[in-house]
Amino acid sequence: MPQNWTAVALSRDVPPQVVIPTVVEGRELAVWRSQSGRIAAWEDRCPHRGMRLSHGFVRGEALSCIYHGWSYNEAGLCQRIPAHPDLVPPDAIRVPTLTAAESDGIIWVTAESTDRPPPKMPGFTPLRSLTVEVPASTITAVSASPIGEDGDLRLALAGIACLLLVQPLPGDRTALHALVAAGTSPTAQASVSRALEDLRHQAETERQAA
Ligand code: FES
């Protein structure tokens, strides 16, 4: 079964009323959480004049553009144009939306239409995300671990079972969303986090030497 979900962030890194930029399958996205906790992934481009919506702000269940304040409801439909407060915006003014979902503390996005739920990662708990300035292929070479069908790379760091969810980014960069074995102590988690940074350094050094 082909992978159709991409991990884009830890749930706790996108709290209510926060919007972040990301990229999935080459598409620039704004991932945001409403005041009530609903997660969404939209094309990172305002239908008005193209400003990045990831620079915008969340009010309640809507995301507003930072430029002229056009506001979009949870379906991506424009619901308010501040310069024309009495105008009911036509349905044609709509932000393209993707499917976002959460599972085991991870935010997943798919650009496809799918009935398949996002992957579950039983036995693991989210640790942290970090970006590495190398393509995913260098990560697999350095770690000597293949990437599974869910974008998961399993390895031991600091002697502890870990799982890295791999998110390819433009410019030969890769985001890694790391999980550790459930029940790992805070001290051991700190060791894993340092080992993860060592892995990043090793991969980036390898890349420079190539
Ligand atoms: S560019 Fe977004 S409201 Fe004008």
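Computed from a predicted structure; not experimentally measured. Indexing begins at 1, ligand by ligand and atom by atom, following the structure's order.
- Remark: ligand 1 atoms within the under-4.0 Å shell around heavy atoms of Trp70 are 3 (S).
- With no hydrogens or angles considered, a side-chain donor-acceptor pair links Glu102 and Ser11 at under 3.5 Å.
- Listed by atom number, the atoms of ligand 1 under 4.0 Å from Cys65 heavy atoms are 1 (S), 2 (Fe), 3 (S).
- Atom numbering of ligand 1 starts at 1 in the shown order; those under 4.0 Å from a heavy atom of Cys46 are 1 (S), 2 (Fe), 3 (S).
- Scanning all protein heavy atoms for the shortest distance to atom 1 (S) of ligand 1 gives Arg49 N, 3.3 Å.
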Apply salt bridge (charged side-chain N to carboxylate O under 4.0 Å, His left out) to Asp198 and Arg200, showing your working. CA-CA 5 Å; Asp198 289 345; Arg200 171 170 62 185; over 6 Å; no
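- Between Asp44 and Ser54, the side chains place a donor N or O and an acceptor N or O closer than 3.5 Å (distance only, hydrogens not considered).
- At a threshold of 4.0 Å, the pair Glu197-Arg128 counts as salt-bridged, since one of the basic side-chain nitrogens sits closer than that to a carboxylate oxygen.
- If you look at Tyr67 next to ligand 1, the close heavy atoms, those under 4.0 Å, all belong to the side chain.
- Look at His48 and atom 4 (Fe) of ligand 1: an N/O/S atom of the residue is under 2.8 Å from the metal.
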Determine, stepwise, if the pair Glu28 / Arg52 fulfils salt bridge (charged side-chain N to carboxylate O under 4.0 Å, His left out). CA-CA 9 Å; Glu28 295 183 330; Arg52 287 186 183 279; 3.1 Å; yes
Can you list the steps and then say if Gln167 with Thr22 is a side chain to side chain donor-acceptor pair (under 3.5 Å)? CA-CA 10 Å; Gln167 179 189 9; Thr22 192; 2.7 Å; yes
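- Closest to atom 4 (Fe) of ligand 1 among the N, O or S atoms of His68 is ND1.
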